[in-house]
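Along the sequence shown, residues are numbered consecutively beginning with 1. We count ligands from 1, going down the list as the structure has it; atoms in each ligand are counted the same way. Keep in mind that what you see is a predicted model, and the values were worked out from it rather than measured.
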Amino acid sequence: MDLTAPLRSQASQSPSPSHSATSSIRKRKLLPDDHAPPPPPIPSSLSDALTSNDDLDSVSAAAADSESLSLSQSQSQHVGADEEEVEEECDGSSMRTFTASRLGNTKVKTVNSIKVEPTEVGKDGDPAPATGNSGLGVVVVKEDTVKNIFTENIQTSGAYSAREENLKRETQEKFNPASIRPGDQVASGMKYSHYEEAGRLKFVCVSNDGIDEHMVWLIGLKIIFGRQLPNMPKEYIVRLLMDRNHKSVMVIRRNHVVGGITYRPYVSQKFGEIAFCAITGDEQVKGYGTRLMNHLKQHARDVDGLTHFLTYADNNAVGYFVKQGFTKEIHLEKERWQGYIKDYDGGILMECKIDLKLPYTDLSTMIRRQRQVIDEKIRELSNCHIVYTGIDFQKKEAGIPKKIINVEDLPGLMVVKLTIEEAGWTPDQWGHSRFNSGDSASNQKSWTAFMRSLLKAMNDHPDAWPFKEPVDARDVPDYYDIIKDPMDLKTMSKRVESEQYYVTFEMFVADARRMFENARTYNSPETIYYKCASRHGALALNWKPISRAKFNRVSNQVSRPSIDILLHLELG
Ligand SMILES: CC(=O)SCCNC(=O)CCNC(=O)[C@H](O)C(C)(C)COP(=O)(O)OP(=O)(O)OC[C@H]1O[C@@H](n2cnc3c(N)ncnc32)[C@H](O)[C@@H]1OP(=O)(O)O
């Protein structure tokens, strides 16, 4: 078989909407690989049938067309968009030879599409595992999981984990010793082959080993590559897919190929080259590509002994490869890969280091455990996970609660208080200038009197008139569209008289500032309102929180503290 890459053909393929690749094959060097295992024997009828792209097309097409190999319709599966291509490429003759000699009792039926059924059928009608597996991984996931990929678990585990978790949740993993062949590099305890129990989604890694089922899958993958990589000559795709130095990791749903990655492991160099990677058009961006790549990495590490992957990524697929851990920086020593891999024009060489330990096919469990550990640590260090019942009161006018609640009685606040006290703080230090601590009754009276005085002074100011009442929406219809947090002297007065609202001086100052700032936000500078706010607010806008000591000085020494005195205190 001639494996030399052809020059890129710009021929007849029409671009897929999801793939506008411009890559082209410039040259391809396939060095002799002394380490590659000898290919398994292949019956002459099949090897004859697989020497050209046309033959393969006819094999797949005839499989689609073969009425004689019928199967119950209920078990038939559609290939979707690939159907047309199959029909186009059908010539039938090679397939008859192929089916007669190779498929034996494999049953195939189509209704305008390829329908595939394995040689054995499970008790509930689901496909049973292939016993002639090449020793490569088969992992099965229940199909129902696919529709939930994006919808469940996102809150708790993050989107990536949710997708992985949902695919994995339904997996019925069982070790299938029959699938391991002598000589396979399977680490002890590794579960390399899993088979379907109730699920219908499986991940397999196969090569051109002459096994009927694998050949049908490879043909299915070839059709997907042909569609999704329209600038790749079909002959070239077929050659690599059928080259026995290449392997293909595939995702198979109900025995129908959803997508796959074809790669060549250079075992002696410990790296692999990804030649093709694609998911069928209507199943893209559902998480299959990621799961597939994770299976590939685990397989390549544990079975092939690889440490790196290289690939020429099409420009439009660079984002996908980046998300799979590929980088444009190549760290692998040149002598390990140069001359081994094919060069592609228009593609970007990318590298991925395969981690020695990561459980690639079970990343979601690892991420979940990491989250658990971090969560437990946070719980150890803080109480932020405790949710207290809310406060049972309704807001009244001016934001004054109907029911008076001591701040210390608020659920959860004692926890904060304890923490603060343990840290050496005293209640006096809560907030900057808390009014009602200590001998609260007399203090409160003083603070109320003080704020009342301030409000009186503000009301008496010649520029106070625009601020005495709330703005009437009937006079200024759009006022409350623009000003979301209105304030006025009357509302402030109510808050002062409630003796509950302003528990710190900062709160009082904040209301005063907001009142003036609102006026300057809504009105333009040339208006009287703006000017009043600027003149009247000049003091309030400069107010700063005062210390308790300053307040004591004011309230003890000055019977009627005025804004001027306060200002003087502040400036002093
Ligand atoms: C070496 C080569 O073969 S290069 C050519 C690669 N193949 C193609 O371009 C063929 C057309 N495209 C496809 O077949 C598929 O879209 C693939 C193989 C590229 C990706 O498979 P998907 O199943 O779609 O990927 P999956 O759903 O796992 O997406 C994984 C992430 O990659 C992103 N992604 C998928 N495709 C692309 C893309 N072409 N560009 C940028 N980001 C992408 C997804 O949005 C997703 O991101 P998220 O994890 O933040 O949500």
List ligand 1 atoms under 4.0 Å from [X], heavy atoms only on the residue side.
X: Q228; answer: 10 (C), 11 (C)
X: T290; answer: 26 (P), 28 (O), 29 (O), 30 (C)
X: F321; answer: 1 (C), 4 (S)
X: T311; answer: 1 (C)
X: N316; answer: 38 (C), 39 (N), 40 (N)
X: F276; answer: 3 (O)
X: Y312; answer: 1 (C)

Practice task
Give the contacting part of K323 toward ligand 1: side chain, backbone, both or neither, where contact means a heavy-atom distance below 4.0 Å.
Solution key: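 For K323, the contact with ligand 1 is made by the side chain alone.
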Practice task
Could you tell me whether L229 approaches ligand 1 through its side chain, its backbone, both or neither, with non-hydrogen atoms closer than 4.0 Å?
Solution key: side chain
Heavy-atom donor-acceptor pair, [X] side chain to [Y] backbone, under 3.5 Å:
X: T327; Y: E329; value: yes
X: S248; Y: T262; value: no
X: R291; Y: T361; value: yes
X: R264; Y: H246; value: no
X: Y312; Y: K342; value: no

Practice task
Using a 4.5 Å cut-off on heavy atoms from C-beta on, say whether the side chain of W337 contacts that of I330.
Solution key: yes
Handout entry: Beyond-backbone contact of F326 with Y320, side-chain heavy atoms, under 4.5 angstrom
Key = no
Between the candidates [options], which shows the shortest non-hydrogen contact distance to [atom]?
atom: atom 27 (O) of ligand 1; options: G289, G287, G319; value: G287
atom: atom 6 (C) of ligand 1; options: G347, C277, P230, A313; value: C277
atom: atom 36 (N) of ligand 1; options: Y288, Y320, F225; value: Y320

Nitrogen or oxygen of [X] less than 3.5 angstrom from that of ligand 1:
X: K286; answer: yes
X: I279; answer: yes
X: E283; answer: no
X: A278; answer: no
X: D314; answer: no

Exercise for the section: Test S364 against R369 for side-chain hydrogen bond (donor to acceptor under 3.5 Å, both in side chains), laying out the working first. Expected result: CA-CA 9 Å; S364 55; R369 286 187 186 143; over 6 Å; no
Practice task
Considering only NZ, NE, NH1 and NH2 on the basic side and carboxylate oxygens on the acidic side, decide whether K328 and E351 come within less than 4.0 Å.
Solution key: no
Completion exercise
Residues pairing under salt bridge (charged side-chain N to carboxylate O under 4.0 Å, His left out) where one sits in residues 380-390, two or more places apart or in two chains, turn out to be K377-E380
Practice task
Determine, step by step, whether T280 and Q228 satisfy the side-chain hydrogen bond (donor to acceptor under 3.5 Å, both in side chains) criterion, reporting the C-alpha distance in whole Å, the side-chain angles of both residues, the deciding distance to 0.1 Å, and the verdict.
Solution key: CA-CA 7 Å; T280 193; Q228 296 302 322; 5.3 Å; no
